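What's counted below: heavy atoms across the whole structure, side chains too, no hydrogens, waters or symmetry copies. When a residue number appears, it is its place in the shown sequence, counting from 1. On a predicted model such as this, the values are computed, not experimentally measured, just so you know.
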Amino acid sequence: MSIDLPTLSSFFAASPFMVDLGVQPTAVAEGRVTSEVQLEKRHQQHTGQCHAGVMATMADHSMGAAAQTLAPEGTWAITAELKTAQLRPGKGERLVCEAFVIKPGRTLSFTEAEVYAVSGNERTLVMKASATMALVPRKD
């Protein structure tokens with residue numbers, strides 16, 4: 001399925017949770033999606049760092065979108081399995097997620113993502129994620 005940035009933006013806008021978090025796609029290519037979110041107080045946990053759930057959700061949705069770019073026509077990519085590893089505290093002005101497909105398939109796609117905290121010109125890897133995406137028939 002060929003997906004351009006306006007189409008990908010509409011996918012993100014159709015997900016109320018992504019809208020609530022403020023996560024937006026910034027780039028798309030075959031099997032790859034980049035997204036970002038401007039960090040605000042509402043994204044923090046009691047320690048002052050970004051909540052791991054924000055980063056995991058961002059990675060999950062971005063990996064699903066990356067899988068969707070290679071999904072067979074008439075299917076949706078949905079998460080079947082998700083694993084995350086928080087490497088460092090998520091502190092910065094914004095988060096950038098780079099998601100990509102490792103192995104596309106007809107019924108399953110394997111994906112990975114890296115989430116970076118960005119402050120000025122400094123970019124720090126804060127989370128690695130992987131997910132298996134199930135490719136299921138659309139019912140629309």
Side-chain angles (χ1 to χ4, degrees):
M1 163 182 275
S2 178
I3 298 176
D4 58 12
L5 190 55
T7 302
L8 182 62
S9 294
S10 71
F11 286 162
F12 274 66
S15 175
F17 193 38
M18 290 298 103
V19 173
D20 285 349
L21 288 176
V23 177
Q24 297 186 356
T26 57
V28 62
E30 202 170 280
R32 299 188 76 82
V33 165
T34 303
S35 62
E36 71 175 52
V37 63
Q38 297 296 315
L39 290 176
E40 300 174 9
K41 183 126 178 101
R42 67 190 176 109
H43 296 115
Q44 294 177 359
Q45 57 178 317
H46 63 283
T47 61
Q49 68 191 45
C50 181
H51 195 289
V54 172
M55 294 185 284
T57 298
M58 180 182 197
D60 176 41
H61 200 77
S62 299
M63 288 185 290
Q68 191 68 52
T69 68
L70 297 174
E73 203 61 45
T75 62
W76 285 121
I78 61 169
T79 307
E81 178 204 26
L82 173 66
K83 179 186 182 305
T84 64
Q86 188 165 342
L87 307 173
R88 293 172 190 85
K91 292 184 177 184
E93 299 161 5
R94 62 192 169 102
L95 297 177
V96 173
C97 177
E98 296 177 359
F100 44 94
V101 176
I102 299 299
K103 184 194 174 296
R106 287 180 294 113
T107 59
L108 295 174
S109 283
F110 298 91
T111 62
E112 290 186 354
E114 296 177 340
V115 179
Y116 297 88
V118 179
S119 291
N121 292 330
E122 187 174 326
R123 190 170 125 130
T124 305
L125 180 63
V126 294
M127 179 176 276
K128 292 278 288 181
S130 61
T132 303
M133 297 293 166
L135 304 173
V136 300
R138 288 186 186 185
K139 300 200 184 233
D140 51 28

Legend entry - Same apolar cluster: Val54 and Met127, side chain cutoff 4.5 Å: yes
Legend entry - Test side-chain contact (heavy atoms from CB on, under 4.5 Å) applied to Asp4 - qualifying residues, sequence neighbours left out: Pro6, Thr7
Legend entry - Non-neighbouring partners of Glu114 that pass salt bridge (charged side-chain N to carboxylate O under 4.0 Å, His left out), sequence neighbours left out: Lys128
Legend entry - Whichever hydrophobic residues join Met63 through chains of side-chain contacts under 4.5 Å: Leu82, Met133
Legend entry - Between CZ on residue Arg32 and CG on residue Leu70, distance to nearest 0.5 Å: 11.0 Å
Show the atom names and distances, to 0.1 Å, of all donor-acceptor pairs under 3.5 Å that link a side chain in residues 87-106 to residues at least two apart or in another chain.
residue	atom	partner	partner atom	Å
Arg88	NH1	Leu125	O	2.6
Glu93	OE1	Gly120	N	3.3
Glu93	OE2	Gly120	N	3.3
Arg94	NH1	Glu36	OE1	3.0
Glu98	OE2	Arg123	NH1	3.1
Glu98	OE2	Arg123	NH2	2.9

Identify all side-chain donor-acceptor contacts of residues 13-30 below 3.5 Å with residues at least two apart in sequence or on another chain.
residue	atom	partner	partner atom	Å
Thr26	OG1	Thr34	O	3.3

Legend entry - Sequence-distant partners of Gln86, side chain to side chain donor-acceptor pair (under 3.5 Å), two or more places apart: none
Inset, instruction - Flag yes if Val136 and Phe110 sit in one hydrophobic cluster, no otherwise; membership is Ile, Leu, Val, Met, Phe, Trp, Tyr, and two members link when side-chain heavy atoms are under 4.5 Å apart. - result: no
Legend entry - side chain to side chain donor-acceptor pair (under 3.5 Å) involving Thr57 - partner list, sequence neighbours excluded: none
Legend entry - Results of side-chain contact (heavy atoms from CB on, under 4.5 Å) for Gln45 - residues two or more places apart only: Thr47, Gln49, His51
Legend entry - For the student: nearest non-hydrogen atoms of Leu108 and Ala134, plus distance: CD2-CA, 3.9 Å
Legend entry - With Glu40 via side-chain contact (heavy atoms from CB on, under 4.5 Å) - residues at least two apart: Arg42, His43
Legend entry - Sequence-distant partners of Phe12, ring-ring contact (aromatic ring centres under 6.0 Å, His included), two or more places apart: His61
Inset, instruction - Report yes if the side chains of Val37 and Met58 come closer than 4.5 Å at any heavy-atom pair, otherwise no. - result: yes
Legend entry - For Ser35, all residues meeting side chain to side chain donor-acceptor pair (under 3.5 Å), sequence neighbours excluded: Ser62
